[in-house]
> 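Quick one: this structure, given as structure tokens, is what I'll be asking you about.
If you're wondering where the values come from, they're calculated on a predicted model, not measured in any experiment. Along the sequence shown, residues carry numbers from 1. Counting starts at 1 for both ligands and their atoms, following the listed order.
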Amino acid sequence: MDSGIANILHRGTIAVIAGARTFERGERCFAAGRVESCEAGRGELRGVVRPTEAARAPYATRLWVRADGLAYECTCPVGLERRLCKHTVAIALAHLERERVEADRGLDVLRQALGALRRAALSEGRLGIARRDPEVADELKRMCLDALSRG
Ligand SMILES: [Zn+2]
């Protein structure tokens with residue numbers, strides 16, 4: 001999974017740029033399943049959103065990273081003015097959701113693999129990671145303390 005866009009694209013960022021009203025409309029647009037496609041490329045996101053009126057052509061929208069932040073365009077009237085529209089919000093949300101699902105799937109695979117490891121091998125592995133990464137070490141210590149305090 002590439003895309004410099006993943007580093008900059010967060011739900012909160014989009015909400016701030018879009019404003020509450022546009023963000024909410026984008027959420028509804030996404031929730032209604034109107035995002036027909038959403039593709040992430042290097043530093044950009046492209047998508048197609050189905051219009052509510054059947055007679056209209058689908059909206060083509062794009063979101064990309066510039067030196068000074070995010071840029072966006074869409075074939076709807078709002079997007080043509082280079083303002084962040086609900087369609088662009090919708091494809092951003094579609095992208096974030098897909099990333100979340102992929103991350104969960106990755107964790108499921110890891111969970112199964114860990115389940116197959118013998119206990120001793122697992123402990124040794126964790127210690128190895130903790131040795132390389134102090135944050136992980138702290139996290140493991142906290143986990144142990146929590147477990148002990150629960151008795
Ligand atoms: Zn639009």
> Are the side chains of L93 and I14 in contact, using a 4.5 Å heavy-atom criterion?
no

> I'd like to verify the contacts: list protein N, O or S atoms under a distance of 2.8 Å from the Zn ion (ligand 1).
C74 SG, C76 SG, C85 SG, H87 ND1

> How many angstroms lie between CG in L148 and CE in M143, if you round to the nearest 0.5 Å?
11.0 Å

> May I ask you to decide whether R50 forms a salt bridge with E36, counting only side-chain N to carboxylate O separations under 4.0 Å?
yes

> In the single-linkage hydrophobic clustering (I, L, V, M, F, W, Y; side-chain heavy atoms under 4.5 Å), do L84 and W64 co-cluster?
no

> Do R100 and E97 sit within salt-bridge range, that is, some charged N less than 4.0 Å from a carboxylate O?
yes

> Could you tell me whether R21 and E24 have a side-chain N and a carboxylate O separated by less than 4.0 Å?
no

